Amino acid sequence: MKIRPLIFALEIMCFTLNLQAQKSNIKKADEVFEAYAYIDARDIYLKVVKSGYQSPQVFKNLGDTYYFNGEYTEAAQWYKRLIETYPNNAEPEYYYRAAQCYKSIGEYHESKKMMGQFSSLSATSNIANNFMQDYPALDKLVKITSDKYKVVNITNGMESSDFGPAFYDDKLVYASSSKNTKGGKIHEWTGMKYLDLYEAELDEDYNLRNPSALKGDINTPYHESTPVFTKDGKTVYFTRNNFLYGKKGRNKKREVTLKIYKAQITEKGSWTNVKELPFNNDAFSTAHPTLSPDERRLYFSSDRDGGYGESDLWYVDIEVNGSYGKPINLGPEINTEARETFPYISSENILYFASDGHLGLGGLDIFGVSLNEDGRYSDVTNLKQPINSNYDDFGFIFDDKRQVGFLSSNREGEKGSASDDIYKVREACAIQILEGIISDAETYLPLPDARVTLLDDNNKTVAWTTSNVDGLYRFDDDLECNRQYRVRGEFKKLKYEPTEKTIVISGDNARENVDLQLTPSGCPPNDLGCKLDLQPIYFDYGKHQIRKDAEVELAKILEAMKQYPKLSIHIESHTDSRSSDEFNLRLSEKRARATLIWLVDNGINPIRLSAKGYGETKLLNRCSNGVRCSDKDHQLNRRSMFIIK
């Protein structure tokens with residue numbers, strides 16, 4: 001009879017001790033959370049919840065540790081528990097954050113539901129009013145995917161967070177948490193290393209090569225990011241966190257703020273003379289600078305007083321003497337009550353920026369608006385998929401001349417949704433399929449198992465495939481617009497000669513058809529042009545310089561001579577009948593010599609080559625002296641031929 005009350009008393013005591021322990025843990029977690037060490041705080045909160053303790057503040061903070069690291073799936077779960085368990089303790093901002101999370105993970109119906117509840121609780125806010133007006137358009141926005149651009153990850157293999165790209169000469173400069181960052185400190189917010197600025201070369205396909213940290217005083221043991229360079233390459237503006245030399249600059253919310261700095265480059269390529277810009281302030285963040293095309297204005301993002309939301313876009317005028325004007329807000333047409341950040345201005349004066357206040361797909365979306373009255377984006381315009389996704393997309397830059405850009409995103413989750421990658425953005429073609437039939441040129445019967453190779457204008461293989469039983473081949477990969485390709489067919493098993501066709505992808509059609517007819521081997525034994533299926537090497541009237549189209553054919557001869565070291569050739573060059581016989585003979589000799597020199601300059605031993613000009617003595621048609629012919633007919637005679645010695 002006395003045992004049961006004793007057990008009950010012990011249970012009460014254990015519960016009380018456990019409750020006190022959990023409160024102590026929560027207090028510790030709250031302190032860590034307030035210091036923005038979200039990863040450490042999260043671990044403590046999760047242990048507390050697992051032990052059976054819960055409260056509105058624990059759910060809020062848990063959701064925030066995921067939300068502010070871009071991990072929206074987990075954030076949505078904790079916001080949902082907050083709203084369902086403690087609806088009276090959930091402020092409107094948590095309905096808004098929950099809506100953003102659901103939108104980011106593609107649950108648009110749940111997102112609309114949360115935004116509806118947010119609007120009912122915040123009827124006077126601009127975001128709520130905009131929701132009532134614009135949110136019905138979300139269904140349409142979700143279904144739109146622009147076929148104008150192709151987006152490809154270029155930092156997928158790097159074990160770091162990489163974002164905030166900037167053009168610098170022919171290089172790309174960006175922020176990275178690489179293991180080689182200066183000081184190697186771990187940022188408590190993300191659990192990753194502090195950011196340094198890196199530069200990398202861009203190859204012909206705009207992929208990164210040889211990344212290395214910027215030299216000089218620009219990188220510190222703490223964060224540096226989002227640079228912009230002057231056109232002469234001598235000055236850089238960049239973002240640095242306000243935590244240097246042992247000083248902690250914090251605002252009223254105890255946040256470590258961001259500031260914009262300026263640096264100059266030395267003759268040896270080292271960045272020095274780092275100076276803080278005068279319109280920074282410890283009380284708020286000033287970050288992510290970009291320059292107008294004339295470099296007379298510096299745009300940036302800031303949460304300073306006088307704005308419309310969590311962070312706004314501002315600019316200052318740069319005076320002739322190098323001083324800076326008063327910060328000016330870009331106004332409510334661009335800025336909202338949420339976040340506008342990461343501005344960039346293209347050479348065509350288009351302002352690109354990231355926002356989660358304008359209607360988007362989820363998280364931060366990239367928007368464009370022209371700063372010219374007659375610009376391409378008269379209103380703030382969502383750049384749609386594939387540039388935007390339902391995760392955070394930001395830090396977009398674009399080269400109007402080369403039609404290539406770069407953006408930052410935590411989409412796809414290759415390294416976890418908290419990690420950012422850099423993506424290249426290039427013009428994509430509407431063409432989806434390149435296909436054709438490989439057949440016998442004499443019988444027209446299909447040739448199965450023939451090899452078909454797609455080559456670019458640099459003679460590099462892009463892709464290859466084989467024909468099926470019906471002679472059909474197909475390339476399904478997207479091709480780049482306004483670029484020349486060659487489609488080569490070969491079938492060595494039955495001694496067919498290879499053949500190829502040149503195409504230019506314009507993007508006007510969804511399907512391109514290129515049929516190839518292969519000719520059975522039957523070339524004269526010493527005709528190299530026949531064996532290599534060369535187009536003639538043509539020259540302009542009265543000139544001997546090698547043309548660009550001729551270089552493509554010469555490159556084939558070059559590869560053949562490299563592949564067969566014992567191959568030697570004789571070059572025969574000719575002219576049309578115009579001008580005197582003596583002039584044409586001298587001109588043909590120059591053409592023969594120019595052709596030979598091209599091969600020698602590209603690595604062929606001159607011992608393997610001989611050349612001779614024949615003037616107008618070997619015309620291919622009736623266009624002799626005194627006969628009226630078109631320039632097209634005369635062109636057939638201005639040529640070089642190649643004979644195997």
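These numbers come from a predicted model, not from an experiment. What you see below is based on every heavy atom in this structure, not just the backbone, and it leaves out hydrogens, waters and symmetry mates.
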Student: Arg638 pairs by salt bridge (Lys or Arg N to Asp or Glu O under 4.0 Å) with which of Asp576, Asp540, Asp633?
Tutor: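 Of Asp576, Asp540, Asp633, salt bridge (Lys or Arg N to Asp or Glu O under 4.0 Å) with Arg638 is met by Asp576 alone.
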Student: Please report the interatomic distance CG(Leu361) to CG(Asp356), rounded to the nearest 0.5 Å.
Tutor: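 Between atom CG of Leu361 and atom CG of Asp356 there are 13.0 Å.
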Student: Write down the atom of Leu351, the atom of Pro343, and the distance for their closest heavy-atom approach.
Tutor: CD1-CB, 3.9 Å
Student: Hey, could you give me the OH/CD1 distance between Tyr174 and Ile422, rounded to the nearest 0.5 Å?
Tutor: 6.5 Å
Student: Are side-chain heavy atoms of Ile546 and Thr595 found at a separation under 4.5 Å?
Tutor: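 Yes, side chains in contact.
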Student: Rounded at 0.5 Å granularity, tell me how far CG in Asp205 sits from CG in Asn207.
Tutor: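 Answer for the CG-CG pair, Asp205 versus Asn207, is 6.0 Å.
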Student: Indicate yes or no: at least one non-hydrogen side-chain atom of Ser389 is less than 4.5 angstrom from one of Ser409.
Tutor: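 A side-chain contact under 4.5 Å exists here.
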Student: Taking CZ in Arg593 as the centre, count heavy atoms belonging to other residues, nucleotides or ligands within less than 6.0 Å. Is the count above 12?
Tutor: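 Open.
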Student: Would you say the side-chain atoms of Tyr72 and Asp392 include a donor-acceptor pair closer than 3.5 Å?
Tutor: yes
Student: Check Glu201 with Lys171, please: is the shortest side-chain N to carboxylate O separation under 4.0 Å?
Tutor: no
Student: Does one side chain, of Lys103 or Asn390, offer a donor that lies under 3.5 Å from an acceptor on the other?
Tutor: no
Student: Exactly one of Ile438, Val487, Leu516 should register a side-chain contact (heavy atoms from CB on, under 4.5 Å) with Thr499. Which one does?
Tutor: Leu516
Student: Indicate the ring-plane relationship of Phe367 and His358, choosing parallel, tilted or perpendicular according to the 30° and 60° boundaries.
Tutor: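 Tilted, since the angle between the ring planes falls between 30° and 60°.
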Student: State, yes or no, whether a side-chain contact exists between Ile154 and Tyr206 at a heavy-atom distance under 4.5 Å.
Tutor: no
Student: With rounding to the nearest 0.5 Å, note down the distance linking CG in Asn153 to CE in Met158.
Tutor: 9.5 Å
Student: Could you walk me through whether Arg547 and Tyr538 pass the side-chain contact (heavy atoms from CB on, under 4.5 Å) test, one step at a time?
Tutor: CA-CA 8 Å; Arg547 300 189 331 195; Tyr538 290 128; 3.6 Å; yes
Student: Between Arg486 and Asn459, do the side chains contain a donor N or O and an acceptor N or O under 3.5 Å apart?
Tutor: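 Yes, because at least one side-chain N or O of Asn459 sits under 3.5 Å from a partner of the opposite role on Arg486.
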Student: With a distance cut-off below 6.0 Å to the six-membered ring centre and an angular limit of 45° from the axis, does Lys543 pair with Phe539 as a cation-pi contact?
Tutor: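 No - Lys543 does not lie over the ring of Phe539 by the 6.0 Å and 45° rule.
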Student: Is there a donor in the side chain of Ser588 and an acceptor in the side chain of Thr575, or the other way round, less than 3.5 Å apart?
Tutor: no
Student: Could you grab the distance from atom OH of Tyr473 to atom CG of Leu447, nearest 0.5 Å is fine?
Tutor: 13.0 Å
Student: Keeping Lys612 on the side-chain end and Ile571 on the backbone end, is there a donor-acceptor pair under 3.5 Å?
Tutor: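 Not confirmed, Lys612 side chain does not pair with Ile571 backbone.
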Student: Using a strict 4.0 Å threshold on nitrogen-to-oxygen distance, state whether Asp294 and Lys231 make a salt bridge.
Tutor: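 Between Lys231 and Asp294 there is no salt bridge, as every charged N stays at least 4.0 Å from the carboxylate O atoms.
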Student: Phe583 ring centre to Arg578 NZ or CZ under 6.0 Å, with the angle to the axis within 45°?
Tutor: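 Because its charged atom misses either the 6.0 Å distance or the 45° angle limit, Arg578 does not stack over Phe583.
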Student: Please find the pair of heavy atoms, one from Cys623 and one from Asn637, that lie closest to each other, and give the distance.
Tutor: CB-ND2, 4.2 Å
Student: Work out which heavy atom in Ser577 is nearest to a heavy atom in Glu616; give both atom names and the distance.
Tutor: O-OE1, 3.4 Å
Student: My understanding is that only one of Tyr352, Phe163, Phe353 makes a side-chain contact (heavy atoms from CB on, under 4.5 Å) with Phe342; could you say which?
Tutor: Phe163
Student: Taking the basic N atoms (NZ, or NE/NH1/NH2) and the acidic carboxylate oxygens, is any pair closer than 4.0 Å for Glu572 and Arg591?
Tutor: no
Student: Between Asp400 and Ser346, is any side-chain donor less than 3.5 angstrom from a side-chain acceptor?
Tutor: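 Yes - a donor-acceptor pair under 3.5 Å links their side chains.
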Student: Salt bridge check, Glu553 against Lys556: does any charged N sit closer than 4.0 Å to a carboxylate O?
Tutor: yes
Student: Can a side-chain donor-acceptor contact be found between Thr155 and Asp421 if the only test is distance below 3.5 angstrom?
Tutor: yes
